[in-house]
Amino acid sequence: MAKIIGGVASTHVPAIGKAIADRKQNDPYWKPFFSGFDYVHDWLAREKADVAVVFYNDHGLNFFLDKLPTFAVGAAKEYRNEDEGWGIPVSRAVAGDPDLSWHLINALVADEFDITVCQDMLVDHAVTIPLTLMWPGQAWPIRIVPVSINTVQHPLPSIARCLKLGRSVGRALESYPHDSRVLVIGTGGLSHQLDGERAGFINKAFDKLCMDAIVNDPDALTRYSIPELVELAGAQGVELLNWVAMRGALTGAVTQAHRNYHIPISNTAAATMVLDNQPMAQRRAA
Ligand SMILES: [Fe+2]
C-alpha cells in the first residue's frame, strides 16, 4: 500500500525563480531564505518520495477568471510550464502519475467533491518554483498529481472545506494499492498583499499562529472565515488554503521536522516547513 511520508510547505513567489536563474542564492538578501532548504534537501534524500500530491493555486496560466474551478485535479502524463511573464525561465515539464490521479479523482467524487478533471494541464510557478527549491539543479526525481485550489477569485472555498479536501485525498492515498512513497506539498503564502492600500502587508504573529496550527491543530484554523483570513493574512495570504489541504492529507501522527520563516521576500513572508507523518497503521504495530 502507499505510504504518506510527510509534507512540505513552501512559498512560491515568482521572484525566487529569477533569483535562481541569476544565481543569487548566497546574496545577503536571499541567503536566509535559500538556506532554509538545506534541511529539506537532506530530508528528501533520506525519504525518497516516488510521487507528490501538490496543492497549489494557478495564477492565470492554466485557468483564468473566465473559467476558474474551485478544485481541479490533474490526470495527465506530464505537466508543462509556459512563459508566465514574470521574467523567469520556462521550467522543464513535470512527470505525471495518471494511475494515482484517477484513484484520487474517483475517491474525491465518491466523497462528494465536485472537482474539475484536467487531462491536459499547464502548471505555473506555484508548482515549478517549490520543486526547483526542493530539488535544485537536477531532474525532478518524482511524479506529481497537481491539485489546484482557487485562491484568486472570490468566493473562495473555506478553510474547513480545504481541510476536508486534504483529508479525502489522504484517505484515498491510504487505500492506494501500490507501494508508492507519497509526499504531500502545499505551496504559497504566507502573509502578503500585493495591491491596494495595504500593499506590503505582513502579519508575523498570525503567520506563527498558522504554522503552529498546521502542525498541531489544523482544525483551529477553521474558525476563520475567508474575509477574516484576508484581513489577517492579506489578500494573497489566502494561499494558506493550500497549506491547510496539504496538512489534511497527512492522516497519521504529524510532527514538525523543520521550519524556516523569513521576512520579506518580495513583499511576502516566506516560510518553509517539513512535517513528518507516521502512518496510524505503523503506530498501532509499534
Ligand atoms: Fe501565489
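Note that the coordinates shown come from a computational prediction; the quantities given were computed from them, not determined experimentally. Indexing begins at 1, ligand by ligand and atom by atom, following the structure's order.
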Metal site the Fe ion (ligand 1): N/O/S of H125 inside 2.8 Å: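 No, since none of the N, O or S atoms of H125 sits under 2.8 Å from the Fe ion (ligand 1).
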E239: its N/O/S atom lying closest to the Fe ion (ligand 1) (atom name):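 Among the N, O or S atoms of E239, the one closest to the Fe ion (ligand 1) is OE2.
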Opening angle at the Fe ion (ligand 1) [NE2, H59; NE2, H12; to 10 degrees]: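 About 100° at the Fe ion (ligand 1).
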Flag side-chain contact, heavy atom, 4.5 Å: I149 against L165: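 SC-SC contact between I149 and L165 confirmed.
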Short N-O contact, D212 and K208, less than 4.0 angstrom: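 Looking at D212 and K208, the cut-off is met.
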Aromatic ring pairing H103/Y176, orientation class (parallel under 30°, perpendicular over 60°, tilted between):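 Answer is tilted, since the angle falls between 30° and 60°.
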Close aromatic pair by centroid cut-off 6.0 Å: F33 and Y29: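 They do not qualify: ring centres at least 6.0 Å apart.
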